[in-house]
Structure formats: C-alpha cells, structure tokens
Amino acid sequence: MTTTTVPVLIVGGGGAGLSASMLLSTYGVESLLVSALPTTSILPKAHVLGQRTMEIYTEVGVAEEIYRRGTPQENLVATGFYAGVRGSNPNAGREIGKLEVWGAGYRDPEYIDASPCPTTNLPQIRLEPVLKAHAEKLNPGGIRFNHELIALEQDETGVRSTIRDKATGEEYEVASQYVIAADGGRTVGKSVGIILEGERNILDMVSVHMTADLSGVLEDDSVLLRWLANPDFGGTFTGGVLCPMGPDHWGTRSEEWVFHIGYPYGDPDAGDRDKVVAHMKTLLGLPDLDAQIHAVSLWTMEGIVADRFRAGRVFVVGDAAHKHPPTSGLGLNSAIHDAQNLCWKLAQVLAGHAGDGLLDTYEAERKPVILRNIANSVKCAQDRFRLDAALGLSPEKTPEENWTALEIIWDESHPEYAERRDLVNNALAAQSGEFHHHGLEFGFTCESDAVVDDGSPAVEPIDPVRLYEPSTKPGHPLPHAFVSRRGETFPLHNLTHGGKFVLIAGEDGQGWVEAARKIAESTGIVLEAVTVGADDADLADVRFAWLRKRQIARTGAVLVRPDRFVGFRSAGAVDDPQAALTDALERILATDDLGAQQ
C-alpha cells in the first residue's frame, strides 16, 4: 500500500468534519478529509446557524455564500403556533401565538450588540455542498468522499489509518499525528473505545422533504417554523412542524418544505413511507395536497454524550461526541464549535508552541457546554407539554373536546378567557428557552487550564440560558466592538483570524503591547498586540462599545485566544508585563518553554 503522511486526518465529511478542514487550512495546518459517503447529506437535517457559528464561517471565508443562499432576515423573525393548517372547524389554521426567534431577523438589540454576524438558516442538504466546495478550494486534493476508514492503529508516535477508495477498491495508508473523528460515531470512536452514553430512544421522528405550493394556505412571511397544535390530533407533539426549505423563495412562498412528525419509539407506521405521507396530509388538513416527495427519513431522538472526547491521538467532534434532541437547534452549531475549539489547539501543538496538555482542555471546555445544551433541549421538550396543557389539548380527549378547550382563548365573552389567555401567554414565554437561548448559543464560557483566572468574582448571569452578558473575565467570549484604523472599520475580533492570539490593551497600555511583540518575536507565536480606546490608541473605539464592555483600566490588558475567548486579563498595569504575559501563555499553552526562548 502507498502511504500518505499528513499532520491531521479527518474522518467524516459533514458539518463538523468540513468545518475542521477549513479551520485547519486557515491556520496553515495540512489535513486530509475522508468520508465513507459518496456525497454530502441528501437529507435536510439541521438548519439554524447561530451567530458564533457564522463568525467562524466568516473567518474561513464561506459566510458570504451561506448568507446568500440562506433564509432572508425578513423570513427569519418568528416562530408560530397554529391550530393546524386547514380543517372542517372554522378556527382551523388560526394563530395561537408567536415568538421572536434567534434575534428576530437581526432586529433584537441584544443580538446586534453581540456580533456583526446575524443568525441565518440553511438546511444541511444545501449547506454541506457549500462547505465542501470551499474546503476543496482551501485544501485542493485534501477532500475525499467515497473513501472509507477500515482500520486504525495508534501509538505514542502517531496514527496509522487504512483507507479504502470505494470506487476502485484500492487501499492506502495515512500516517498522521492526530485523527479527528467527525463520522457521527459510526466507526472511529468505537474502534478506540469511546462510548456514547445517555438517554436513547426518546422518540421516533420522521422528516418529509417535499416540493409543494403552500402559498395559498399559509400566512405571515415573517414566520420560519410553524408548530401545528392541531386539536384534531391532541396537541403540538402530535400535530407536526412545518419548515420552509427555499431554495429561491422563502416564507409562505417557499418551493420546498420539511414536515417533521413525532411517533412513539418503535411505532411501525413511522417506517412506512406511504402511511407517513398520508398522515402528513391529514395533519395538514390537505388530503389532496399535490406534493412531490423527495425523501422520507426516520431518525430517533436521543440525548447522548461520549464518555470521553479524546483517546490518545484521536478526538471526537460533532455527532461522534454528542447527539442532541432537535429542540433548541444547537446540535450542528455545537459541532462547529467543537471543531473550532479543537483545531486551534492542534495548530499550536503541531507548531511546537504548546504542550500535549493543551489538547486535554478540549474535553474540559466542550463537554460541560454540551451537557448544558442537552439539558436545555430536554427542558424545551417538556415546556411544549406545558403549552399543550395551557391550551387544554390532550391526545386523550376527543377532537371535539380539544376544540372546545382551545376556542376559549379566542372568546373574550367566556368566563375563563382571561385566566386561560394568561396561562397560554406564560406557556408561550417559556418556549423562549428554545428560540432565545443566547447565553447557550453565543455566550457560553470555557473553564480549563487553558484559561488563567484573574481572581475576580464569577459572573452571575441574570439568565444563563436566555441572555448573553458581555464580559472580559477569562473564559468568556471576547465582547464585540467595531474599531477603526486608517479609515477602515471592522469588528475587533477579526484580529484573531488565521489562528492568532491578540493582546488588547487600554489607551495607556503600551507596555503590554511592547511586551507582547517581544514575546512574539522571540517565540514565533503569532500574537498581535494593539491598544484600543476612545483616544490616543492604535485602534479607535468608534462606537465606544469596547469602552463600555472592556472592564479594564487604560493601563490594563486582555489576552484573547485564537477562538476569541479571553485567556488572561489584567485590570491595570503590572511591574513586569512581559513576565506576566509569558506566564499566562505558558499556562494557556501547557508549556514551560516560552521563558527560555526569550
């Protein structure tokens, strides 16, 4: 067999694997990606891409194309709950309530203040080809689909993987320093003894991908997701969810749609394509719907996490490390965040700047975040039951009983109207944990040895799920601010692009900047250093957002990691900034060599 030598082998060509490939290319690390599948996803799968995800895609250069193909912001404002779509009852299809989603089409001031990148929506079936094309552009010849891993062995010197080209049957060997398993847990994790643990077989979900004209039966182009709390079928879990797919029009004029239906685990009807399509038309109240069915896919809802994210030189990311219930829409986003967290650390180790201990912080930082995400997904599912209860809907009731209970919320003359409306209002508000989880999706923090705590009190969030509160305390994401230099205005966090550390000092923090530049020159660590402020600084704080959020004095500084999380902070000046920065970098990078290199 021929042998290919490459620093990193990526196994799996979905969102996590392709993102890892693009990030490593951006960081100057050579990689080879192999996928046993012949193509990218043929199923819609996940679709919401949050702000931090789009920041990552901005760095690697693919965000513009994703935004171009994705849902326009005016069609990404709300989610709606409806009494079905059509039916014999005069209230069939009537709106029960709406909630803003993920920044309300980039209109929510909190989301605008948090990031220059709006949330967007692009189903995986359309996202992955975009990612693949860009990954191939960044790494020509380094993306191989229809190539499957059939064996893997590792020792203290590296990993040797056997790959088969499924088109020709030819086998070859890949010698790598590390392997990133992004294969959904199908092969690599099992081969190195990593086990996925947690709650399995929660529910069977069936997704119907179709082309259909629903423009004449749906209203409100601002709504992305439509939850059908259909009294004829007992409530939101049994009524289905309708989501537009574009590709050329969105809102009510979308050409394609996905309809999700929940079934009890093991229900044989979930695997019968004809029964599923007939049931979908019944749920929609459109028995004569002219629909071209592209795919009917059955998948099982789970909440599972790997017992460990690392086995020697092998790391699991995305679905190979965790699988989420779809509520909250954090599965794909979490996978991409996994890739970013791991890839900058691999780049530092491969460049000789960091010790192996830095790679242990991948699990230490990501696993707690994943567990919180899954817990929120489960809670969101439970909150849906609360909504059904407030609406008076139950599968145990007859359709007539359900309609009688629901119609109270529209009848102001009914003696229970006010009480029921209040119950429904509160139950809808509870759903915001799924559609406004900014603290989880954007504001999550890192706690590990790669973060140097400054001894300041822990940030006590007002709401750890719903709100993102900017802070420069180590472990928190760098707050967003626009800055300008020589007539160019750009987001402050752009300075980290390309895998750089960034030292951001106050207006009078020139000592920090000089120290950082000396460290960069002597060690080879890519470390940019600037002063930022309202006056007399390298970068002008054009809207004073940094001044408002920085939490340091004019003489202080923060050190930002390549993944845009704060690794070190000094509120003010110190006697020896070079020694302080050297110590911080050594702790973050798990090495004791930096001081000797200076």
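Predicted model only: the values in this text are computed from it and were never measured.
Asp221 pairs by the salt bridge (charged side-chain N to carboxylate O under 4.0 Å, His left out) definition with nothing, not counting sequence neighbours. For Arg308, there are no salt bridge (charged side-chain N to carboxylate O under 4.0 Å, His left out) partners two or more places apart in sequence or in a different chain. Partners of Arg486 under the salt bridge (charged side-chain N to carboxylate O under 4.0 Å, His left out) rule, at least two apart in sequence or in another chain, do not exist in this structure. By the ring pair (Phe, Tyr, Trp, His ring centres under 6.0 Å) test, Phe309 pairs with Tyr362, sequence neighbours left out.
For residues 55-75, no residue pair satisfies the ring pair (Phe, Tyr, Trp, His ring centres under 6.0 Å) rule, not counting sequence neighbours. For the salt bridge (Lys or Arg N to Asp or Glu O under 4.0 Å) condition, the pairs that include at least one residue of residues 322-341, sequence neighbours left out, are Asp338-Arg366.
Arg569 and Gln551 form a side-chain donor-acceptor contact under 3.5 Å, judged by distance and modelled atom types alone. No side-chain donor-acceptor contact under 3.5 Å links Lys132 and Thr40. Side-chain N/O atoms of His260 and Ser207 include a donor and acceptor closer than 3.5 Å.
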Report the C-alpha separation of Ser25 and Asn139 in whole Å, then their side-chain angles, then the decisive distance to 0.1 Å, and conclude whether the side chain to side chain donor-acceptor pair (under 3.5 Å) test is met. CA-CA 7 Å; Ser25 295; Asn139 185 15; 4.5 Å; no

Trace of the ring-ring contact (aromatic ring centres under 6.0 Å, His included) decision for Tyr111 with His436: CA-CA 10 Å; Tyr111 283 71; His436 193 298; 5.1 Å; yes

Determine whether Glu59 and His493 satisfy the following criterion, side chain to side chain donor-acceptor pair (under 3.5 Å), listing intermediate values before the conclusion. CA-CA 10 Å; Glu59 177 179 4; His493 68 233; over 6 Å; no

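By the 30° and 60° cut-offs, the orientation of the rings of Phe315 relative to Tyr178 is tilted.
More than 12 heavy-atom neighbours from other residues, nucleotides or ligands sit within 6.0 angstrom of CD on Glu74.
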